[in-house]
**Q** 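Take this structure first; my questions come after.
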Amino acid sequence: MLTDVKIIDFTNYLPGPFATLRLAELGAEVIKIEGPNGDPARHLEPIVQGQGVLFTGNNRGKHSHFLNLKDTRDLNKVKELILEADVIIESFRPGVMKRLTLDYDTVRKYHPTIVYCSLVGYGENTFYSTFGSHDLNYMAISGMLAQWKDDKGRPIHPSQQIADLVGGIVASERILAGLVQRGIYGIGSYHQVSMADTMTALMGNHHLIHQATEMKKGVEVLAGTIVNYCLYETSDNRYMALGALEKKFWQAFCLAVDHPEWTSCHMREVSDPIYKQVCTVFKERSFTDWMDFSEQVDCCLTPVLEIDEVPKSNYHQQRGNFIFHDNWSRIQQYSDLRNSQKKK
């Protein structure tokens, strides 16, 4: 869908590269501008065959140019590339692109139809604007991190970079909107995406509910407070996710486990005695047994899979969500990184 769209990518690590990866998968040509030492993600552990796995995974299908933007010759090369481009995305701290004469106000003077996206941490008009920050910071300041706590009330350190990835998705969304606008009106546009603001926007429902009820966990029935929408432990200490919000799914579950008397207990809170009864039933079967059950009974029941189990699951195999290669070199070749124009 984005054939003939050319993107100049000045981003590193995860948010920006994930944004342009999504656009590359839609057919765009992405030219990645890296410093003389490359994107720092190239050197981030784990490293396979001399290259960081994070870099390989998020930069496949792109073309890399290794350039020193403080060098006049290299800077001029970048400007030549920009003249042929449709989109620029950058994630430097505020002021860096202006010092390099690559900011939107400067670029649009010689390329008025450029779609320009700045992916930043905190946005403008705040003393936070120039502060360094990462995924954990955005999750913390938005209130999202406080949504996951252990039994002592301490926030749980997430193992997924939610802010970085969602920030990348929002950036790609804004770029696509800019391309649509250009297609309709023939004009360029500037977009600033703040990852802290993006996380805060995701917490919008929580803020509205808190104002109305002082409830801090958002939609109460979705926060593990009711029997038919909850996580349950199996006999071998694994977990199943039951999401039977609609009565018909709850009834299907109750009948399938031979407890028709539970059908009238739809939407009961976990403080109700039935909760312990349901826990007991789940503890009577193994994780594998419940997986088989979930594929036979339509009751919104799914296994809580570990990362190594996901590619092997029937769902993902049927969808073809994972492509396996016989060696890592083939993945790197597909990434088009071996054909990079590396500055000598």
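Scope of the values below: all heavy atoms of this structure, side chains included, with no hydrogens, waters or symmetry mates.
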**Q** More than 12 foreign heavy atoms under 6.0 Å from CZ of F131: is that the case here?
**A** yes
**Q** Passes side chain to side chain contact (heavy atoms under 4.5 Å, CB included), H206 versus M144? Steps please.
**A** CA-CA 9 Å; H206 281 65; M144 181 170 286; over 6 Å; no
**Q** Looking only at heavy atoms, what is the nearest atom pair of D289 and R285, with distance?
**A** CB-CB, 4.0 Å
**Q** Is the closest side-chain heavy-atom distance between L145 and I156 below 4.5 Å?
**A** no
**Q** Test your reading of the model: is there a side-chain donor-acceptor pair from D71 to the backbone of D74, 3.5 Å cut-off?
**A** yes
**Q** Return yes when atom NZ of K247 has more than 12 non-hydrogen atoms of other residues, nucleotides or ligands closer than 6.0 Å, and no otherwise.
**A** no
**Q** Count the heavy atoms of every other residue, nucleotide or ligand shown that sit under 6.0 Å from OH of Y110, and state whether that count exceeds 12.
**A** yes
**Q** Considering only heavy atoms from C-beta outward, does the side chain of H316 approach that of F322 to under 4.5 Å?
**A** yes
**Q** Answer yes when D86 and R182 have at least one side-chain N-carboxylate O distance shorter than 4.0 Å, and no when they do not.
**A** yes
**Q** Show your working on ring-ring contact (aromatic ring centres under 6.0 Å, His included) between Y13 and F55 and close with a plain yes or no.
**A** CA-CA 7 Å; Y13 286 119; F55 180 89; over 10 Å; no
**Q** Would W250 and F253 count as a ring-ring contact (aromatic ring centres under 6.0 Å, His included) here? Give the steps.
**A** CA-CA 5 Å; W250 172 247; F253 170 78; 5.7 Å; yes
**Q** Between M139 and I162, does the side chain to side chain contact (heavy atoms under 4.5 Å, CB included) criterion hold? Intermediate values first, please.
**A** CA-CA 8 Å; M139 290 188 65; I162 298 175; 3.9 Å; yes
**Q** Could you tell me whether D272 and R268 have a side-chain N and a carboxylate O separated by less than 4.0 Å?
**A** yes
**Q** So, do L21 and R60 sit near enough that their side-chain heavy atoms are less than 4.5 Å apart?
**A** yes
**Q** Can you list the steps and then say if E173 with R22 is a salt bridge (charged side-chain N to carboxylate O under 4.0 Å, His left out)?
**A** CA-CA 10 Å; E173 175 186 75; R22 294 171 63 82; over 6 Å; no
**Q** Indicate whether any N or O donor in one side chain lies under 3.5 Å from an N or O acceptor in the other, for Q192 and S118.
**A** no
**Q** Assess, by modelled atom type and distance only, whether the side chains of E233 and N237 contain a donor and an acceptor separated by less than 3.5 Å.
**A** yes
**Q** Go through it in stages, so that I can follow the logic: the residues are L81 and I31, the test is side chain to side chain contact (heavy atoms under 4.5 Å, CB included), and I'd like the CA-CA distance, side-chain angles, deciding distance and then a yes or no.
**A** CA-CA 9 Å; L81 290 171; I31 298 175; 4.2 Å; yes
**Q** Nearest 0.5 Å, please: how far is NZ in K216 from NE2 in H210?
**A** 5.5 Å
**Q** Quick one about T20 and K62 (side-chain donor to acceptor, distance below 3.5 Å, no hydrogens or angles considered), yes or no?
**A** yes
**Q** Centre-to-centre under 6.0 Å for Y138 and Y122, is that the case here?
**A** yes
**Q** So, taking the atom named CG in L14 and the one named CG in L44, what distance separates them when rounded to the nearest 0.5 Å?
**A** 10.0 Å
**Q** Inspect the surroundings of CD1 in I307 and state if more than 12 heavy atoms from other residues, nucleotides or ligands are less than 6.0 Å away.
**A** no
**Q** So does A163 get a backbone contact from the side chain of D135, meaning a donor-acceptor N/O pair under 3.5 Å?
**A** yes
**Q** Run the ring-ring contact (aromatic ring centres under 6.0 Å, His included) test against Y190 and tell me which residues pass, sequence neighbours left out.
**A** Y104, Y116
**Q** For a 4.5 angstrom cut-off between non-hydrogen side-chain atoms, does V257 reach V297?
**A** no
**Q** Return yes when atom NZ of K217 has more than 12 non-hydrogen atoms of other residues, nucleotides or ligands closer than 6.0 Å, and no otherwise.
**A** yes
**Q** Indicate whether any N or O donor in one side chain lies under 3.5 Å from an N or O acceptor in the other, for H134 and Q161.
**A** no
**Q** For D197 and T200, which I'm curious about, is there any donor-acceptor pair between the side chains at under 3.5 Å?
**A** no
**Q** I'd like to know whether Q277 forms a side chain to side chain contact (heavy atoms under 4.5 Å, CB included) with V281, so could you lay out the CA-CA distance, the side-chain angles of the two residues, the decisive distance to 0.1 Å, and finally the verdict.
**A** CA-CA 6 Å; Q277 297 175 35; V281 166; 5.9 Å; no
**Q** Mark yes when over 12 heavy atoms from residues, nucleotides or ligands other than D4 sit less than 6.0 Å from its CG; otherwise mark no.
**A** no
**Q** When rounded to the nearest 0.5 angstrom, what distance separates CG in D39 from CZ in F10?
**A** 13.5 Å
**Q** Specify the closest pair of heavy atoms between M240 and S294, including all atoms of both residues, with the distance to one decimal.
**A** CE-CB, 4.3 Å
**Q** Could you tell me the separation between the NE2 atom of H191 and the CD1 atom of I88, rounded to the nearest 0.5 Å?
**A** 12.0 Å
**Q** So, do H63 and E29 sit near enough that their side-chain heavy atoms are less than 4.5 Å apart?
**A** yes
**Q** Do Y275 and W290 belong to the same hydrophobic cluster, where Ile, Leu, Val, Met, Phe, Trp and Tyr are linked whenever their side-chain heavy atoms lie under 4.5 Å apart, directly or via other members?
**A** yes
**Q** Let me confirm one number: the SG-CD1 distance from C254 to I274, rounded to the nearest 0.5 Å.
**A** 6.5 Å
**Q** Would you check if N205 and V219 make a side-chain contact, meaning some heavy-atom pair closer than 4.5 Å?
**A** no
**Q** Quick one: list whatever passes salt bridge (Lys or Arg N to Asp or Glu O under 4.0 Å) with R319, sequence neighbours left out.
**A** none
**Q** Indicate yes or no for a side-chain donor-acceptor contact from T234 to the backbone of R238 under 3.5 Å, with no hydrogens or angles considered.
**A** yes
**Q** What residues form a ring-ring contact (aromatic ring centres under 6.0 Å, His included) with F18, not counting sequence neighbours?
**A** none
**Q** So, S159 and H157: side-chain donor and acceptor under 3.5 Å apart, yes or no?
**A** no
**Q** When you check the side-chain N and O atoms of Q251 and W262, is any donor under 3.5 Å from an acceptor?
**A** no
**Q** Under 3.5 Å, is there a donor-acceptor pair between the T225 and E220 side chains?
**A** no
**Q** Without hydrogens or angle criteria, can the side chains of K79 and T101 be said to hold a donor-acceptor pair below 3.5 Å?
**A** yes
**Q** Just so I know, are the side chains of V115 and I89 near enough to count as touching, which here means a heavy-atom distance under 4.5 Å?
**A** no
**Q** I need the N12 CG to I33 CD1 distance, nearest 0.5 Å.
**A** 11.0 Å
